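The structure under discussion appears below in the form of structure tokens.
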Amino acid sequence: MSNRVYLAGPDVFFRDAEAWSEHRKAICAQHGLAAVSPLDPLTEEAAGWSDLPEWQRIAFRNEAHIRGSNAVIANLTPFRGPSADTGTVYEVGFARALGRMVFGYTNCAAPFTQRSLDYARAHGGAIGSPGRIWRDGDGLLIEQFRRFDNLMIEGGLIGSGGTLVLPENEPADRWRDLGTFERCVRLAADALLPHASE
């Protein structure tokens, strides 16, 4: 089985995104995985892409990277709200639909329900009480399945044959600590390269 993995996540928004991407790719290489980043160029772009606006070229390039990979490793740490980065979640679903294995990790230990309640309280309140149904300020149900994020994300990871890695202890710097990422990479390598340790 191929060892090519796509690194999804909001890390592309870091000030040093390219250097950070190379650092994470080096960690993957130590475990026998060839990682590709959303920032990497394609060896060949489809005819006509050069005439497209930049945002569309980025979207098409990232989809092409996922198609060319055997698995995705996704940073699902909450981003600008209680849930994972929406672009990353799209890529998780896209990979799942293609039949790729998807591995996810997060550096946030708080469960999705708690994060959603905290967000709702900060933006118009939350209605409910412990052990009962909670709703946000708009009266919409708050998901309470004790998952790390929306149930469809974790369902997709497990259904793909991948897994979710949670932090053993929430790191002081949720964006720069790579302990959970490295554990996720090891699990991906074990799944993709089952004979590497023999």
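Since the model is a prediction, treat every value here as computed from it, not as a measurement.
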Test log, rule side chain to side chain contact (heavy atoms under 4.5 Å, CB included), inputs T77 and T180: CA-CA 11 Å; T77 301; T180 310; over 6 Å; no
Check against side chain to side chain contact (heavy atoms under 4.5 Å, CB included), C28 and L7: CA-CA 10 Å; C28 290; L7 300 177; 4.0 Å; yes
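Contact check for T88 versus N75: no side-chain heavy atoms found under the 4.5 Å cut-off. The closest side-chain heavy-atom distance from P111 to R146 is not below 4.5 Å. By the 4.5 Å heavy-atom criterion applied to side chains, I73 and F181 are counted as neighbours. Using a 4.5 Å heavy-atom threshold, the side chains of R24 and D11 count as touching. No side-chain heavy atom of R174 sits under 4.5 Å from any side-chain heavy atom of P167. Inter-residue side-chain proximity for Y6 and N62 is flagged as met; some heavy-atom pair is nearer than 4.5 Å. Between E63 and Y90 there is a side-chain heavy-atom pair separated by less than 4.5 Å. Using a 4.5 Å heavy-atom cutoff, the side chains of H23 and L178 are in contact.
Minimum heavy-atom separation, I142 to S116: CG2-CB, 3.7 Å. Minimum interatomic distance between L193 and G32 (heavy atoms only, all atoms of both residues): CD1-O, 3.3 Å.
Applying the side chain to side chain donor-acceptor pair (under 3.5 Å) rule to T106 yields no partners; only residues at least two apart in sequence or on another chain are considered. Remark: F103 engages no residue in a ring pair (Phe, Tyr, Trp, His ring centres under 6.0 Å) (not counting sequence neighbours). Every residue two or more places apart in sequence or in another chain was checked for a salt bridge (charged side-chain N to carboxylate O under 4.0 Å, His left out) with E143, and none qualifies.
Counting only N and O atoms by type, the side chains of N107 and D177 include no donor and acceptor under 3.5 Å apart. Between E182 and Y105, the side chains place no donor N or O within less than 3.5 Å of an acceptor N or O (distance only, hydrogens not considered).
Heavy-atom contacts from other residues, nucleotides or ligands closer than 6.0 Å to CD of E18 number 12 or fewer. In this structure, D173 places its CG atom where more than 12 heavy-atom neighbours from other residues, nucleotides or ligands lie under 6.0 Å away.
For the atom pair CD (Q56) and CG (D51), the distance works out to 11.0 Å, reported to the nearest 0.5 Å. Between L164 atom CG and C184 atom SG the span is 8.0 Å, to the nearest 0.5 Å. Taking OG from S160 and CE from M101, the interatomic distance works out to 6.0 Å, rounded to the nearest 0.5 Å. Distance CG/L117 to CZ/R135: 12.5 Å, rounded to 0.5 Å. Residue E154 holds its CD atom at 12.0 Å from CZ of F112, rounded to the nearest 0.5 Å.
Taking a cutoff of 4.0 Å between a charged side-chain nitrogen and a carboxylate oxygen, R115 and D149 qualify as a salt bridge. Between E22 and K25, at least one side-chain nitrogen of the basic residue sits less than 4.0 Å from a carboxylate oxygen of the acidic one, meeting the salt-bridge criterion. One finds a salt bridge joining R121 and D118 here, because a Lys/Arg side-chain nitrogen approaches an Asp/Glu carboxylate oxygen to under 4.0 Å.
Under the 4.5 Å side-chain contact rule for hydrophobic residues, I153 and L166 share a cluster. Tracing side-chain contacts under 4.5 Å through hydrophobic residues (I, L, V, M, F, W, Y), one reaches F94 starting from V92; they form part of the same cluster. L187 and L192 end up in the same hydrophobic cluster when Ile, Leu, Val, Met, Phe, Trp and Tyr side chains are linked at under 4.5 Å. Hydrophobic clustering (ILVMFWY, side-chain heavy atoms < 4.5 Å, transitive): V72 and L98 are in one cluster. F148 and V89 fall within a single hydrophobic cluster, where Ile, Leu, Val, Met, Phe, Trp and Tyr side chains are chained together by heavy-atom contacts under 4.5 Å.
In this structure, R15 forms no cation-pi arrangement with W20, as its terminal cationic atom is not both closer than 6.0 Å to the ring centre and no more than 45° off the ring axis.
D138 places no side-chain N or O within donor-acceptor distance of the main-chain N or O of L140, the cut-off being under 3.5 Å. Side chain of R100 to main chain of R67: a donor-acceptor pair is present (N/O by atom type, distance under 3.5 Å, no hydrogens or angles). Side-chain atoms of H65 come within 3.5 Å of backbone N or O of D40 as a donor-acceptor pair. A donor-acceptor pair is defined here as one N or O able to donate and one able to accept, closer than 3.5 Å; no such pair exists between the side chain of R61 and the backbone of L42.
A side-chain contact (heavy atoms from CB on, under 4.5 Å) with V5 is found for exactly one of L33, V36, V185, namely L33.
Between W175 and F14, the two ring planes are perpendicular [angle over 60°; tilted spans 30° to 60°].
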